[in-house]
Amino acid sequence: MLTAQPLKKLVSGVILDLDGTLINTDGIVSDVLKVFLVKYGKKWDGREAQKIVGKTPLEEAAIIVEDYKLPCATEDFVAEIYPMFNDQCCNIKALPGAHRLIKHLRSHGVPMALASNSPCASIESKISYHQGWKESFSVIIGGDEVKMGKPSPEIFLEAAKRLNMEPSSCLVIEDSVPGVTAGKAAGTEVVAVPSIPKQTHLYTLADEVINSLLDLQLEKWGLPPFQDWVEGTLPLEPWYIGGPVIKGYGRGSKVLGIPTANLSTKGYSSVLSEHPSGVYVGWAGLSTRGIYKMAMSIGWNPYFNNSEKTIEPWLLHEFDQDFYGEELRLVIVGYIRPEKNFPTLESLIVKILDDGKIAERALDLPLYSKFKDDSYLKNT
């Protein structure tokens with residue numbers, strides 16, 4: 001875990017956005033639009049994703065109608081597509097760290113508000129599928145309860161008012177630029193968790209920009225710190241991924257001196273979208289060789305500026321030959337850190353080696369070592 005920086009400012013309450021901050025709405029939006037646009041002979045390619053993040057439902061609809069030149073009024077588009085979205089609410093997953101954050105703040109008696117551009121009925125429907133969420137919030141405000149949605153500050157001013165707090169005593173956590181703009185205009189402190197990759201440069205107004213909720217350090221804001229990091233790792237609900245080992249970029253062994261066993265991302269786009277980029281720990285099973293400790297990076301590797309999200313496991317073992325084509329199965333059980341850029345290749349190598357040491361130590365703990373026996377690793 002990164003060491004917390006000096007206290008930024010004392011806050012007493014937290015105001016959370018919903019879509020893209022606590023729940024992974026983007027995947028469902030894409031799935032619905034892919035189906036819906038076929039009706040008009042169009043294909044959703046995701047190019048509008050960045051434009052619609054943080055907008056009100058009507059604004060989102062207007063952007064899609066205009067950009068795809070749909071032969072319908074914005075209001076008709078909304079009337080037709082939103083029932084399709086609502087039918088999928090049960091399939092929207094919580095983003096990593098969301099349950100942990102809400103449970104932690106609630107257990108410490110920190111007042112929380114939920115403030116979203118979505119209509120109140122839509123918010124209620126979405127959070128009903130996440131146990132304990134609704135009762136955790138003292139205040140829930142939808143975009144239909146204010147005159148103007150984000151980037152207007154009105155929704156956050158109203159949230160602070162209902163919490164009986166000054167806006168300056170509130171910390172807003174947001175994934176979108178309109179949300180960050182609204183929070184700062186309201187006079188709150190703002191932490192941005194961008195939901196669109198490689199866009200952190202757009203969030204200059206935020207007081208802090210983090211990679212995911214897993215990286216949130218509440219003590220920076222005078223709030224009770226998380227106490228769940230163990231040996232430099234954050235325990236996670238295990239998740240699984242596997243496939244044949246493929247040839248990667250050729251830089252693991254040649255450039256870094258650290259051989260990685262790359263996996264194809266084909267068929268895993270939804271899994272990758274659910275997990276933030278960063279460095280993880282877990283166990284790796286090779287079909288003909290055995291089970292090994294591993295550290296793994298997921299993401300765009302800023303130093304090399306990958307064009308797509310990759311999975312690069314580093315098996316912590318000396319192998320005397322390559323094993324391309326062999327079935328590799330991974331159980332990911334802990335998180336080390338967000339991915340970051342490095343000024344030099346040497347500093348990147350030092351950090352990767354440090355990640356390996358953390359993984360080696362942590363995976364000996366009973367908390368993690370039990371997963372070495374996971375049946376998923378024992379390939380047939």
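Everything quoted here is computed from the prediction, not taken from an experiment.
Taking the centre and axis of the six-membered ring of Phe342, the NZ or CZ atom of Lys340 falls inside the cone set by 45° and 6.0 Å.
Applying the ring pair (Phe, Tyr, Trp, His ring centres under 6.0 Å) test to residues at least two apart or on different chains, the pairs with a partner in residues 11-43 are Phe36-Tyr40, Phe36-Phe77.
Within the 3.5 Å criterion, the main-chain N or O of Ala359 finds no donor-acceptor partner in the side chain of Tyr368. A donor-acceptor contact shorter than 3.5 Å is absent between the side chain of Asn24 and the backbone of Lys93. Using a distance-only test at 3.5 Å, with no hydrogens or angles considered, a donor-acceptor pair links the side chain of Thr310 to the main chain of Gly299. Side chain of His104 to backbone of Arg100: no donor-acceptor contact under 3.5 angstrom is found.
Residues Val331 and Met294 share a closest heavy-atom pair of O-CE, 4.1 Å. Smallest separation of non-hydrogen atoms from Pro178 and Lys150: O-CB, 3.9 Å.
Salt-bridge check for Glu208 with Lys220: passed, with a basic side-chain N closer than 4.0 Å to an acidic carboxylate O. A salt bridge links Asp364 with Lys293: the distance from a Lys NZ or Arg NE/NH1/NH2 to an Asp or Glu carboxylate oxygen falls below 4.0 Å. Using a 4.0 Å cut-off between charged nitrogen and carboxylate oxygen, Arg162 and Glu145 count as a salt-bridge pair. A salt bridge between Arg329 and Glu327 is present, with a side-chain N of the basic residue lying under 4.0 Å from a carboxylate O of the acidic one.
Note on Ile64: it does not cluster hydrophobically with Val38, by side-chain heavy-atom contacts below 4.5 Å among ILVMFWY residues. A continuous path of Ile, Leu, Val, Met, Phe, Trp and Tyr side chains, each step under 4.5 Å between heavy atoms, connects Ile311 with Leu286, placing both in one hydrophobic cluster.
Ring pair Tyr335/Tyr280 is perpendicular by interplanar angle, where above 60° counts as perpendicular and below 30° as parallel. Using cut-offs of 30° and 60° on the angle between ring planes, the pair His317 and Phe319 is perpendicular. Under the 30°/60° scheme for interplanar angles, the aromatic rings of Trp239 and His275 are found to lie parallel.
In this model, no donor atom of one side chain and acceptor atom of the other lie less than 3.5 Å apart for Asn91 and Tyr129. Looking only at atom types and distance, the side chain of Asp17 has no donor-acceptor partner in the side chain of Ser176 under 3.5 Å away.
At least one side-chain heavy atom of Ile81 sits less than 4.5 Å from a side-chain heavy atom of Leu33. Counting only heavy atoms from C-beta outward, the side chains of Val191 and Trp221 approach each other to under 4.5 Å. Taking 4.5 Å as the limit, every side-chain heavy atom of Ile23 sits out of range of all side-chain heavy atoms of Ile127. Side-chain contact check for Gln131 versus His99: every heavy-atom pair is 4.5 Å or farther apart. A 4.5 Å side-chain heavy-atom check between Pro313 and Leu328 finds at least one atom pair inside the cut-off. For the pair Ile358 and Asp354, the minimum side-chain heavy-atom distance is below 4.5 Å.
The neighbour count for Lys372 NZ, taken as heavy atoms of other residues, nucleotides or ligands under 6.0 Å away, does not exceed 12. A 6.0 Å sphere centred on CD of Glu166 holds no more than 12 heavy atoms belonging to other residues, nucleotides or ligands. The neighbour count for Glu135 CD, taken as heavy atoms of other residues, nucleotides or ligands under 6.0 Å away, is above 12. Within 6.0 Å of the CE atom in Met84, the count of heavy atoms belonging to other residues, nucleotides or ligands exceeds 12.
With values rounded to the nearest 0.5 angstrom, Ile336 atom CD1 is found 8.5 Å from Trp229 atom CH2. Leu223 contributes atom CG, which lies 8.0 Å from atom OG of Ser12 (distance to the nearest 0.5 angstrom). To the nearest 0.5 Å, the span separating OH on Tyr376 from CG on Leu330 amounts to 7.0 Å. Between the OG atom of Ser122 and the CG atom of Asn117 there is a distance of 11.0 Å, given to the nearest 0.5 Å. Note that NZ of Lys42 is 9.5 Å distant from OH of Tyr68, once rounded to the nearest 0.5 Å.
Judged as a side-chain contact (heavy atoms from CB on, under 4.5 Å), and not counting sequence neighbours, the contacts of Ala160 are Pro167, Cys170.
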